[in-house]
**Q** 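Sharing a structure here in structure tokens format.
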Amino acid sequence: MRYAVMVTGPAGAGKSTFCQALITHAQTIGRQVHLINLDPAAERFETPPVLDIRDLISLEDVMEELEFGPNGGLVYCFEYLLDNLDWLEEELGAYEDEYLIIDCPGQIELYTHIPLLPQLATFLDRRLNFRTSAVYLVESQFMQDRAKYFAGVLSAMSCMLSLGIPMLCLMSKMDLVKDAKGRIGREVGRYLDPDPGLVEEDVHARTNPRFHGLNRAVAGLIEDQNIVSFLPLDVTDEDSVNTILSHVDNMMQYGEDEEPKVPKDMDEGDFEE
Ligand SMILES: Nc1nc2c(ncn2[C@@H]2O[C@H](COP(=O)(O)OP(=O)(O)O)[C@@H](O)[C@H]2O)c(=O)[nH]1
Ligand SMILES: [Mg+2]
């Protein structure tokens with residue numbers, strides 16, 4: 001069985017940093033995972049990827065030769081990748097029984113405008129028979145501005161619905177919002193599992209009353225569907241990375257032929273006699 005985790009989320013959310021943290025952690029616990037870079041705009045990697053879209057096409061060349069801006073260039077690169085899926089298939093052919101971490105571009109255009117990442121997810125999942133899942137990162141600073149936070153939640157929902165593969169949402173850069181004792185306060189905790197009260201309080205205060213109905217509807221949607229809740233990610237804390245890895249494993253039923261796995265933070269107390 002082959003496994004692929006697509007690491008998604010807006011630019012700057014911490015995707016590449018998370019990929020690196022996962023790889024370092026996997027090495028520590030003696031597990032092999034491989035990094036695939038599908039972000040044509042990526043810069044340097046601490047651990048070099050085993051497969052890199054930049055070997056197929058470079059954003060710099062596209063921008064220079066075709067005179068595209070950065071966003072158009074990215075779309076072009078990704079369309080080019082999808083036109084050359086046999087390249088990807090061939091390159092990935094060497095990875096049997098492997099666990100791949102795929103660093104993806106963040107531009108929302110690639111998810112919703114032109115569903116290029118969904119096409120890629122489908123290709124990995126259906127055509128190449130990877131057990132495919134995704135994580136979506138929203139950065140913790142968004143919790144300081146509720147309008148941004150709700151935009152983040154909605155973009156996570158949109159990504160989840162468009163990718164059509166199991167997805168986990170992560171609140172990244174949690175080290176920036178922990179208290180002096182390194183704990184996640186109750187107020188912060190509310191953002192990890194959003195409730196409609198979050199909107200009533202201050203988004204209402206800042207919007208024209210004629211939008212209050214809309215605010216409430218959006219909050220209700222998030223609440224009713226109950227599809228977005230966040231796992232806290234702090235790359236500086238190995239336990240946090242480990243917990244996320246076990247949730248991702250669980251989502252893909254990684255190693256189900258071996259012994260069953262329960263995410264570490266879910267097992268406590270559940271099995272007491
Ligand atoms: N404090 C903190 N900074 C982070 C964390 N993860 C990423 N960053 C910083 O956020 C910026 C963007 O990270 P990067 O991984 O390149 O984001 P990407 O565009 O989603 O790949 C970089 O300056 C990182 O050093 C984190 O967990 N904590
Ligand atoms: Mg990156």
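Whatever order the structure lists ligands and atoms in, that order sets their numbers, starting from 1. None of the values given here were measured: they were computed from a predicted structure.
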**Q** Compute the shortest N/O to N/O distance between Ser172 and ligand 1 and return yes if it is under 3.5 Å, no if not.
**A**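 No - when backbone and side-chain N and O of Ser172 are compared with those of ligand 1, no distance drops under 3.5 Å.
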
**Q** Do side-chain atoms of His34 reach the backbone of Ile23 as a donor and acceptor pair under 3.5 angstrom?
**A**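 No, the answer is negative, given that no donor and acceptor are paired below the 3.5 Å cut-off.
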
**Q** Does NZ or CZ of Arg2 lie under 6.0 Å from the centre of the six-membered ring of Phe130, at an angle within 45° of the ring axis?
**A**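 Yes, Arg2 sits over the ring of Phe130.
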
**Q** Please report the interatomic distance CD(Glu139) to OG(Ser172), rounded to the nearest 0.5 Å.
**A**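 OG of Ser172 is found 5.5 Å from CD of Glu139.
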
**Q** Please report whether ligand 1 has a polar contact with Asp234, defined as an N or O pair separated by less than 3.5 Å (distance criterion only).
**A**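 Asp234 vs ligand 1: no N/O contact under 3.5 Å.
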
**Q** Name the closest protein heavy atom to atom 28 (N) of ligand 1, giving the residue it belongs to and the distance to 0.1 Å.
**A**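 Scanning the protein heavy atoms, the shortest distance from atom 28 (N) of ligand 1 goes to Asp175 OD1, 2.8 Å.
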
**Q** List the closest protein heavy-atom neighbour of atom 12 (C) of ligand 1: residue, atom name, distance to the nearest 0.1 Å.
**A**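 Answer for atom 12 (C) of ligand 1: Gly12 O, 3.7 Å.
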
**Q** Counting only nitrogen or oxygen atoms and a 3.5 angstrom limit, does Gly14 reach ligand 1?
**A**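 Yes: some nitrogen or oxygen of Gly14 is under 3.5 Å from one in ligand 1.
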
**Q** Ser16 and Gln20: side-chain donor and acceptor closer than 3.5 Å?
**A**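 Gln20 and Ser16 do not have a side-chain donor-acceptor pair below 3.5 Å.
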
**Q** Keeping waters out of it, list the protein N, O or S atoms under 2.8 Å from the Mg ion (ligand 2).
**A**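 Counting only protein N, O or S atoms under 2.8 Å from the Mg ion (ligand 2), the list reads Ser16 OG.
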
**Q** Going by atom types only, do Asp249 and Tyr99 share a side-chain donor-acceptor pair under 3.5 Å?
**A**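 Yes.
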
**Q** What protein heavy atom lies closest to atom 10 (O) of ligand 1? Include the residue and the distance to one decimal.
**A**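 So the nearest neighbour among protein heavy atoms is Lys173 NZ, 2.9 Å.
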
**Q** Show, in sequence, the C-alpha distance, side-chain angles and deciding distance for Met160 and Tyr111, and conclude whether the side-chain contact (heavy atoms from CB on, under 4.5 Å) test is met.
**A** CA-CA 10 Å; Met160 183 181 283; Tyr111 296 82; over 6 Å; no

**Q** Give the minimum heavy-atom separation between Met1 and Asn129, together with the two atoms involved.
**A**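 Distance-wise, the nearest heavy atoms are SD-O, 4.4 Å.
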
**Q** When you compare the side chains of Arg146 and Tyr191, does any donor N or O come within less than 3.5 Å of an acceptor on the partner?
**A**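 Per modelled atom types, Arg146 and Tyr191 side chains form a pair under 3.5 Å.
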
**Q** Can any side-chain N or O of Ser158 pair as donor or acceptor with the backbone N or O of Leu154 at less than 3.5 Å?
**A**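 Judged by distance alone, no pair lies under 3.5 Å.
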
**Q** Just to confirm my output: which protein heavy-atom neighbour is closest to atom 27 (O) of ligand 1, and how far is it?
**A**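 Going by distance alone, atom 27 (O) of ligand 1 is nearest to Val235 CG2, 3.0 Å.
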
**Q** Determine whether any heavy atom of Pro10 lies closer than 4.0 Å to an atom of ligand 1.
**A**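 It does, in that a heavy atom of Pro10 comes within the 4.0 Å cut-off of ligand 1.
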
**Q** Of the side chain and backbone of Leu137, name the one, both, or neither that has a heavy atom under 4.0 Å from an atom of ligand 1.
**A**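 None of Leu137 does.
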
**Q** Yes or no on side-chain contact (heavy atoms from CB on, under 4.5 Å) for Arg216 and His204, after CA distance, side-chain angles and deciding distance?
**A** CA-CA 9 Å; Arg216 220 169 283 123; His204 273 5; 3.6 Å; yes

**Q** Report the nearest protein non-hydrogen atom to atom 7 (C) of ligand 1: residue, atom name, distance rounded to 0.1 Å.
**A**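 Going by distance alone, atom 7 (C) of ligand 1 is nearest to Thr17 OG1, 3.3 Å.
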
**Q** Just do the side-chain hydrogen bond (donor to acceptor under 3.5 Å, both in side chains) check on Ser133 and Tyr3 with the steps written out, would you?
**A** CA-CA 8 Å; Ser133 70; Tyr3 302 86; over 6 Å; no

**Q** Does Ala13 come within less than 4.0 angstrom of ligand 1, counting non-hydrogen atoms of the residue?
**A**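 Ala13 counts as a contact of ligand 1 under the 4.0 Å cut-off.
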
